[in-house]
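Let me begin by presenting the structure, written as structure tokens, before commenting on it.
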Amino acid sequence: MSAFIEAASPHVMNTYGRVPIALERGQGCRVWDVNGKEYLDALGGIAVNTLGHNHAKLVPALQEQIAKLIHTSNYYHVPGQERLAAKLVELSGMSKVFFCNSGLEANEAAIKIARKFGVDKGIANPEIVVYEKAFHGRSIATMSATGNPKIRSGFGPLVEGFIRVPLNDIDAIKQATEGNPNVVAVFFETIQGEGGINPARSEYLRDLRKLCDERDWLMMIDEVQCGMGRTGKWFAHQWAGIVPDVMPLAKGLGSGVPIGAVVAGPKAADVLQPGNHGTTFGGNPLAMRAGVETIRIMEEDGLLENAATVGAHLKASLERALGSLPGVKEIRGQGLMLGVELDRPCGALIGQAAEAGLLLSVTADSVIRIVPPLILTTAEADEIVARLTPLVKALLAQ
Ligand SMILES: *Cc1c(COP(=O)(O)O)cnc(C)c1O
């Protein structure tokens, strides 16, 4: 542990269990710490650094934007908002966008849209269906919608108006909502990220879309982590051929510049009116430029296809290296959003992997999560497997 890292901690709140390294610079899928040690980045800032580090096309565009305007406020029109919104509408097949700064803010806006959608049609106490193992953020409302009791505990009273059901069980949601006239929306991730890389099945998504239409519920899909090309389509729900009514986005949208967005379809696009919602930083010129350039570069460089093909290669390599080990329960996920579930807690792997020159994370206690930049090459994918395999074997041999 270097002296710099010890000296850095006394004045920062102790909210994270941090690995004792400090990163200084990056290039592509590699980063270097303050002592010059190199790491392969299979975490991508938690599914944020879509274009990796120091991207040759992104950096000059952001530098140019910073020299022109960083922030102005929403007192005035921000042309970048219209540019990015039009692009998100085109990619999603939806209608309108609200911009904010993070995942939880996008989800807060979605919850407000759902409630007002209900109130506007005469439902005084609207309720929203949410899921076991879901993660929607750390604010009071999004934490209340989150499934993990550990995240909620100590912060009550929670926000009311959520009904919790298990994923991939259409009968369970029908039962939980039977005869309840207050339900206004269902809210879920296509692939649960923090909950352990748990995909919603395509058949379930299509059944749920039908149910939402029959009952006039908003289908709200939190694509904060699984969206923006990570699975090989722009949005993970597109694999099921459905379109949601509300879609929060954040993590990968700005390649590292803080940004959030809520995309809404025709049923939800005009629910919020002047005075209903807002944010100081949301949609500022720097964040909008980051979003526009990220999508432009993804299109130019074929990164959706790269996420799909390199992701499939990585998943197959993980299967070959780890799939048959006793102690490895399942390898799942799609594109460059993969999880390896072990039969035991494996949080210690985060530090061990860093020591071995690999950045990754563990979610839901026992799931190794791999969410690298979408520029990952097959050679780098092989390197991830080569560095990870001996660590998993050693852990399982204990
Ligand atoms: C990370 C995440 C959030 C919260 O995003 P923040 O930017 O940390 O507030 C919400 N939903 C999902 C699915 C996430 O993965």
Side-chain angles (χ1 to χ4, degrees), residues 13 15-18 43-50 98-114 128-148 150-152 155 159 162 164 167 185-200 205 219-231 234-237 244 246-263 279 281-284 287 290-291 294 332-339 360-364 367 369-372 374:
M13 282 192 198
T15 51
Y16 307 99
R18 298 184 203 257
L43 179 65
I46 321 183
V48 166
N49 299 313
T50 307
F98 172 83
F99 290 109
C100 51
N101 312 287
S102 67
L104 82 79
E105 279 179 72
N107 287 336
E108 286 277 347
I111 292 166
K112 285 181 73 173
I113 289 171
I128 299 170
V129 177
V130 293
Y131 285 76
E132 292 171 5
K133 299 185 184 172
F135 181 81
H136 297 299
R138 302 283 196 154
S139 67
I140 299 290
T142 59
M143 174 190 76
S144 301
T146 287
N148 186 345
K150 270 194 248 164
I151 287 175
R152 299 194 301 261
F155 299 104
V159 170
F162 295 109
R164 198 168 304 281
L167 191 64
V186 292
F187 186 31
F188 62 94
E189 301 146 89
T190 312
I191 303 177
Q192 292 179 332
E194 304 304 308
I197 315 294
N198 309 310
L205 293 176
M219 181 184 235
M220 309 206 299
I221 309 188
D222 179 350
E223 293 253 355
V224 164
Q225 186 163 160
C226 59
M228 291 316 299
R230 182 148 295 279
T231 65
W234 284 107
F235 310 108
H237 66 262
V246 177
M247 176 175 66
L249 298 173
K251 289 193 166 83
L253 178 55
S255 275
V257 175
I259 183 170
V262 192
V263 189
T279 151
F281 291 118
N284 84 24
T294 295
R332 55 181 180 255
Q334 191 158 12
L336 288 172
M337 182 170 183
L338 298 175
L360 49 70
S361 77
V362 168
T363 65
V367 181
R369 171 174 52 179
I370 300 173
V371 284
L374 305 189

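Since this is a predicted model, take the numbers as computed values, not measurements. In listed order, ligands and their atoms are each counted from 1.
- At a heavy-atom cutoff of 4.0 Å, ligand 1 is contacted by no atom of Thr142, backbone or side chain.
- To the nearest 0.5 Å, the span separating OG1 on Thr50 from CZ on Arg230 amounts to 6.5 Å.
- In terms of polar-atom proximity, Glu189 is not counted as a contact of ligand 1, lacking any N or O under 3.5 Å from an N or O of the ligand.
- Contacts with ligand 1 closer than 4.0 Å are made by heavy atoms of both the backbone and the side chain of Leu104.
- When the heavy-atom distances from atom 15 (O) of ligand 1 to Glu194, Gln192, His136, Lys251 are ranked, the shortest goes to Lys251.
- If you look at Ser102 next to ligand 1, the close heavy atoms, those under 4.0 Å, come from the backbone and the side chain alike.
- Residues Arg138 and Met143 fail the side-chain proximity criterion, which asks for heavy atoms closer than 4.5 Å.
- In the model, Glu108 has no side-chain atom that pairs as donor or acceptor with a side-chain atom of Thr142 under 3.5 Å.
- Sorted by first then second residue, the salt bridge (Lys or Arg N to Asp or Glu O under 4.0 Å) pairs that include residues 188-198, not counting sequence neighbours, are Glu194-Arg369.
- Note that the CG atom of Leu205 and the CE atom of Met219 stand 6.0 Å from one another [nearest 0.5 Å].
- One finds the CZ atom of Phe135 at 11.0 Å from the OG1 atom of Thr363 (value rounded to the nearest 0.5 Å).
- When the heavy-atom distances from atom 7 (O) of ligand 1 to Gly137, Ala250, Gly103 are ranked, the shortest goes to Gly103.
- Taking all heavy atoms of Asn101, Asn107, Asp222 into account, the minimum distance to atom 12 (C) of ligand 1 is reached by Asp222.
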